[in-house]
2 protein chains.
Amino acid sequence: MPMSRLKTTHDVFSAIGEPKRRLLIEQLVIKEMTVNELVDIFDWSQPTVSKHLSVLKKVKIVSERKEGRFRYYQIQPDQLRPIQEWMHQFDKYWGSTMDQLDNYLNQIQVKGKNSEQ
Amino acid sequence: MPMSRLKTTHDVFSAIGEPKRRLLIEQLVIKEMTVNELVDIFDWSQPTVSKHLSVLKKVKIVSERKEGRFRYYQIQPDQLRPIQEWMHQFDKYWGSTMDQLDNYLNQIQVKGKNSEQ
DNA sequence: TACTTTGTCAACCTTTTGGTTGAATTAATA
DNA sequence: TATTAATTCAACCAAAAGGTTGACAAAGTA
């Protein structure tokens, strides 16, 4: 009997495998949005956006907040940690220690600025 | 007419969306291997491993080195940088600055040890 | 040369994916 | 209350994914 395939959309890694879903995530990192706001930005059909959001909801990358007729979708960055952690195995290949320290210090500066808002 | 779907295996992000491919990558990070070495480790069919490797080759995450009858597959970590870079947008959500500095320093230590081998 | 080993490639099958269309649901508004 | 707006849900479709099987190719070995 043929082995049944893993349902790819039930996994954080495959959820971000889809380019449209990455674009949606990039928008929701900026701020929470409704489906139609996303439709306006990307000019995809509304059910298409809804379907991708429901995949992201299933793997908990986004959550839903109801407000009247509207549903606001917000990012849940914690759910993406497995990806970040998986990527650590390649850290040693990326740039010199000095480059990394440099990146790190720049990162702290940016963070400082953001948290002042 | 229906819009044709993007071929997901022609993209680094979707290439790592498949769990088996992630496992293959994890092995090849340790050292270059032949198909049959990977078959022995994972107990998947040989064509299955071959097919996944060919996807990884297509997106350049692994390269092939021929030696007699054997073909050694090796990881090309550079190709995974787009993922690392994409993940940066979430850095600000992950732990305190102190946690990150701590992780960073541990990382340097581990790197130092590895490079002594 | 014949056989074995290592491995790909092509063909096929089933399930999943991503998309569409249209009906249903829920909440605000005229 | 009827209408409009915001959105999901179900049904359907074509293409792609992942797996298998079997044929083939290339390199070493008896």
Side-chain angles (χ1 to χ4, degrees), chain A residues 1-25 27-28 31-59 61-74, chain B residues 1-25 27-28 31-59 61-74:
Chain A
M1 88 216 78
M3 173 92 66
S4 73
R5 205 178 4 152
L6 268 183
K7 209 170 274 177
T8 54
T9 39
H10 286 35
D11 171 292
V12 186
F13 285 88
S14 39
I16 69 147
E18 197 342 289
K20 282 194 169 74
R21 284 197 287 266
R22 283 200 301 283
L23 291 170
L24 290 174
I25 289 170
Q27 282 301 314
L28 294 177
K31 66 176 176 70
E32 63 172 13
M33 289 186 191
T34 65
V35 177
N36 279 320
E37 285 182 275
L38 293 164
V39 167
D40 289 343
I41 290 170
F42 293 112
D43 203 34
W44 306 328
S45 83
Q46 196 271 333
T48 290
V49 176
S50 263
K51 250 195 170 181
H52 282 302
L53 283 175
S54 86
V55 171
L56 293 173
K57 262 192 298 180
K58 226 173 262 169
V59 300
I61 294 177
V62 310
S63 61
E64 197 185 300
R65 180 174 71 81
K66 290 180 89 161
E67 190 181 307
R69 274 180 302 177
F70 301 90
R71 302 193 191 188
Y72 286 94
Y73 292 92
Q74 23 188 215
Chain B
M1 88 214 78
M3 172 92 65
S4 71
R5 210 191 341 164
L6 269 183
K7 211 169 274 179
T8 55
T9 39
H10 288 34
D11 171 291
V12 186
F13 285 88
S14 39
I16 69 148
E18 193 349 284
K20 282 193 169 74
R21 285 198 286 265
R22 284 200 302 283
L23 291 170
L24 290 174
I25 290 170
Q27 283 301 314
L28 294 177
K31 65 177 178 69
E32 62 173 11
M33 288 186 191
T34 65
V35 177
N36 279 318
E37 286 182 274
L38 293 164
V39 167
D40 288 343
I41 290 169
F42 292 114
D43 204 34
W44 306 329
S45 84
Q46 196 270 332
T48 291
V49 176
S50 262
K51 248 193 172 183
H52 283 302
L53 283 175
S54 86
V55 171
L56 293 173
K57 262 191 300 180
K58 225 173 263 169
V59 299
I61 293 176
V62 310
S63 61
E64 198 184 299
R65 178 174 74 81
K66 288 180 90 162
E67 191 181 308
R69 273 180 303 178
F70 302 90
R71 300 193 193 188
Y72 286 93
Y73 292 94
Q74 22 188 214

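Here is the naming used below: chain letters follow the sequence lines, and residue numbers restart at 1 for every chain.
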Trainee: Kindly point out which of C/dT20, D/dG19, C/dG18 is positioned nearest to the side chain of A/Thr48?
Mentor: C/dT20
Trainee: Holding to side-chain hydrogen bond (donor to acceptor under 3.5 Å, both in side chains), I want the full list of residues that pass it with B/Arg69, two or more places apart in sequence or in another chain.
Mentor: none
Trainee: Between C/dT5 atom P and B/Asp40 atom CG, what is the distance in whole Å?
Mentor: 14 Å
Trainee: Please identify each residue that fulfils salt bridge (charged side-chain N to carboxylate O under 4.0 Å, His left out) with B/Glu37, with sequence neighbours left out.
Mentor: B/Lys31
Trainee: Taking only residues two or more places apart in sequence or in another chain, which ones pass ring-ring contact (aromatic ring centres under 6.0 Å, His included) with B/Phe70?
Mentor: none
Trainee: Let me know the distance between NE2 of B/His52 and P of D/dG18, rounded to the nearest Å.
Mentor: 6 Å
Trainee: Would you check if the side chain of B/Arg21 reaches a backbone N or O of B/Ile16 as a donor-acceptor pair within less than 3.5 Å?
Mentor: no
Trainee: Quick one: side-chain hydrogen bond (donor to acceptor under 3.5 Å, both in side chains) partners of B/Gln46, sequence neighbours excluded?
Mentor: B/Ser50
Trainee: Contact class for B/Ser54 vs. all strands (heavy atom < 4.0 Å): base, sugar-phosphate, or nothing?
Mentor: nothing
Trainee: Got a second to check how far A/Arg71's CZ is from A/Asn36's CG, nearest 0.5 Å?
Mentor: 12.0 Å
Trainee: If I take atom CH2 in residue B/Trp44 and atom P in nucleotide D/dT20, what distance separates them, rounded to the nearest angstrom?
Mentor: 11 Å
Trainee: Send over the distance from A/Leu56 CG to D/dT7 P, rounded to a whole Å.
Mentor: 16 Å
Trainee: Considering residues at least two apart in sequence or located in another chain, which fulfil the salt bridge (charged side-chain N to carboxylate O under 4.0 Å, His left out) criterion with A/Lys58?
Mentor: none
Trainee: Determine, for nucleotides 21-30 of chain D in 5'-to-3' order, which nucleotides have protein heavy atoms under 4.0 Å from the base (write B), from only the sugar-phosphate (write S), or from neither (write -).
Mentor: B-----BS--
Trainee: What is the distance from CG of B/Leu38 to P of C/dG7, rounded to the nearest Å?
Mentor: 9 Å
Trainee: Using a distance-only criterion (donor-acceptor N/O pair, under 3.5 Å, no hydrogens), is the base of D/dG19 paired with the side chain of B/Lys51?
Mentor: yes
Trainee: In whole Å, what is the span from the CD atom of A/Gln46 to the P atom of C/dT21?
Mentor: 13 Å
Trainee: Between D/dG18 atom C1' and B/Lys58 atom NZ, what is the distance in whole Å?
Mentor: 13 Å
Trainee: D/dT4 P sits how many Å from A/Phe70 CZ, rounded?
Mentor: 17 Å
Trainee: Looking at C/dG7, I'd like to know if its phosphate oxygens (OP1 or OP2) sit under 4.0 Å from a side-chain N or O belonging to B/Asn36.
Mentor: yes
